[in-house]
Each structure stands twice: as C-alpha cells, then as structure tokens.
Amino acid sequence: MGLSLQGDGKVSIFQITALFSMLFALVGFSYNVWRMEISEYNSTMRSASFELLLQLSELEGIVYAAHYDQDPVAGNPRRGWIKVNLIADLSMITESEIETSAQRLKQEWQTNWQSVPDSESSAVSVVEAIDSTREEVRLLLSKLD
C-alpha cells in the first residue's frame with residue numbers, strides 16, 4: 001500500500017515524513033535568514049538616521065550662530081563644512097531619497113556658506129535644505145518595522 005517512485009522502490013511513511021520535515025526546516029531557515037536581514041537593515045537605518053538627525057541639528061545651530069548671533073566661533077563655516085560632509089557621507093548608507101536630499105543640502109551650503117552671516121536669504125535657504133533632509137530622515141524612520 002505504499003507509493004511507488006521509479007522502478008521497484010516504494011516510499012514509506014518514514015521517507016515522506018523525512019521529506020516534509022526537511023522541507024519544513026528549509027522554509028523555516030529561509031524565513032529566519034530573511035527576518036534577520038530585515039532586522040539588520042532596520043537597525044542600520046535607525047542608527048544612521050539618528051546620527052543624521054543629530055548632525056542636521058548641529059549644522060542648523062552653526063547657521064543660527066553665524067547669522068543671528070554673529071558668532072564667528074560657534075558659527076565657523078569650517079565646522080559647517082565638516083557637518084555637511086558628514087551628513088553627505090552618512091546619507092550614503094541610507095535610502096536614495098535621503099542621499100539626494102543631503103546632496104542638495106551640500107549644494108545649498110556650497111552656494112551660501114560665505115553669505116550666511118550677512119544674508120537672511122542665504123541662512124533661510126540652508127535651513128530649508130536642512131529641514132528637507134530632516135523630513136526625508138523622519139519619513140524613513142516611520143517606514144521601518
């Protein structure tokens with residue numbers, strides 16, 4: 001009363017059970033690997049996002065110190081360049097939308113850094129680019145599991 005494969009061989013209940021057990025183990029292992037990859041991705045994105053938010057806030061502080069406080073130490077453009085470059089570097093390990101927004105921020109900084117202390121429009125332009133990047137980071141964080 002067994003199933004026959006090819007030729008004379010018969011498949012026993014034990015063989016069927018073993019086959020289903022192996023299949024079940026393979027599916028379980030595959031799911032576990034997939035879940036671990038997703039967890040690692042989420043962890044990496046969270047860490048990068050939190051660091052980006054910190055760097056964006058510090059850059060915003062530099063812009064405010066340079067423009068509103070006229071503080072050449074706290075508003076030092078070299079510190080701004082360091083922050084902008086770090087933001088661009090960190091954005092490379094996130095999603096493409098954040099990387100694009102960080103590149104726009106870098107471009108705004110490059111265009112306006114010299115006039116930030118004296119020009120309201122330059123300061124606003126850089127802060128708007130910071131806010132845009134910050135919004136992209138928040139959007140990524142809201143999508144994570």
K.L.:
Give a yes or no on whether the backbone of S12 and the side-chain of Q15 come within a donor-acceptor separation of less than 3.5 Å.
P.N.:
yes

K.L.:
Taking the side chain as every heavy atom from C-beta outward, state whether M36 and E40 have any pair of such atoms under 4.5 Å apart.
P.N.:
no

K.L.:
Under 3.5 Å, which donor-acceptor pairs do the side chains of residues 131-141 form with other protein atoms, sequence neighbours left out?
P.N.:
{"residue": "D131", "atom": "OD1", "partner": "R134", "partner atom": "NH1", "Å": "2.8"}
{"residue": "T133", "atom": "OG1", "partner": "S101", "partner atom": "O", "Å": "3.3"}
{"residue": "T133", "atom": "OG1", "partner": "S101", "partner atom": "OG", "Å": "2.9"}
{"residue": "T133", "atom": "OG1", "partner": "A129", "partner atom": "O", "Å": "3.0"}
{"residue": "R134", "atom": "NH2", "partner": "E60", "partner atom": "OE1", "Å": "3.0"}

K.L.:
What pairs with A18 under side-chain contact (heavy atoms from CB on, under 4.5 Å), at least two apart in sequence or on another chain?
P.N.:
none

K.L.:
Among all residues two or more places apart in sequence or in another chain, which pass the salt bridge (charged side-chain N to carboxylate O under 4.0 Å, His left out) test with E58?
P.N.:
K83

K.L.:
Cut-off 3.5 Å, side chains only: do Q107 and Q103 have a donor facing an acceptor?
P.N.:
no

K.L.:
Holding to side-chain contact (heavy atoms from CB on, under 4.5 Å), I want the full list of residues that pass it with T100, two or more places apart in sequence or in another chain.
P.N.:
R104

K.L.:
Could you tell me which residues satisfy side chain to side chain donor-acceptor pair (under 3.5 Å) with Q70, sequence neighbours excluded, listed by chain and number?
P.N.:
none

K.L.:
Distance from L59 atom CG to I130 atom CD1, nearest 0.5 Å?
P.N.:
4.0 Å

K.L.:
Quick one: does D69's side chain have a donor or acceptor within less than 3.5 Å of a partner on D71's backbone?
P.N.:
no

K.L.:
Nearest 0.5 Å, what's the CD1-OG distance between I38 and S43?
P.N.:
12.5 Å

K.L.:
Given 3.5 Å as the limit, does a donor-acceptor pair link the side chain of R79 with the main chain of A74, or not?
P.N.:
yes

K.L.:
How close do S121 and S119 get, heavy atom to heavy atom, and via which atoms?
P.N.:
OG-OG, 3.1 Å

K.L.:
Where is the tightest heavy-atom contact between N112 and S125, given as atom of each residue plus distance?
P.N.:
ND2-OG, 3.6 Å

K.L.:
What's the spacing between L90 CG and N85 CG if we round to 0.5 Å?
P.N.:
11.0 Å

K.L.:
Of all heavy-atom pairs between L52 and I87, which one has the smallest distance, and what is that distance?
P.N.:
CD2-O, 3.5 Å

K.L.:
Checking side-chain contact (heavy atoms from CB on, under 4.5 Å) for the pair Y68/V63: CA distance, chi angles, key distance, verdict?
P.N.:
CA-CA 8 Å; Y68 296 107; V63 171; over 6 Å; no

K.L.:
Is the backbone of V116 close enough, under 3.5 Å, to the side chain of H67 for a donor and an acceptor to pair up by distance?
P.N.:
yes

K.L.:
Quick check: does any side chain N or O of S57 sit under 3.5 Å from a backbone N or O of L53, one acting as donor and the other as acceptor?
P.N.:
yes

K.L.:
How long is the span from the CH2 atom in W113 to the CZ atom in R78, to the nearest 0.5 Å?
P.N.:
9.0 Å

K.L.:
Would you kindly confirm whether L86 and V84 end up in one hydrophobic cluster when ILVMFWY residues are joined by side chain heavy atoms under 4.5 Å apart?
P.N.:
yes

K.L.:
Check whether I98 and I93 end up in the same hydrophobic cluster, where Ile, Leu, Val, Met, Phe, Trp and Tyr are linked by side-chain heavy atoms less than 4.5 Å apart.
P.N.:
no

K.L.:
If you compare all heavy atoms of V126 against all heavy atoms of E108, which two are closest, and at what distance to 0.1 Å?
P.N.:
CG2-O, 4.0 Å

K.L.:
Please round to the nearest 0.5 Å and tell me the distance separating atom CG of D89 and atom CD of Q55.
P.N.:
10.5 Å

K.L.:
Using atom types as modelled, flag every donor-acceptor pair under 3.5 Å from a side chain in residues 19-31 to any protein atom, sequence neighbours excluded.
P.N.:
{"residue": "S21", "atom": "OG", "partner": "T17", "partner atom": "O", "Å": "2.8"}
{"residue": "S30", "atom": "OG", "partner": "L26", "partner atom": "O", "Å": "2.9"}

K.L.:
Closest approach of G75 and A66, non-hydrogen atoms and distance?
P.N.:
O-CB, 3.5 Å

K.L.:
Is it possible for you to say whether L56 and I82 belong to one hydrophobic cluster, with membership spreading through side-chain heavy-atom contacts below 4.5 Å?
P.N.:
no

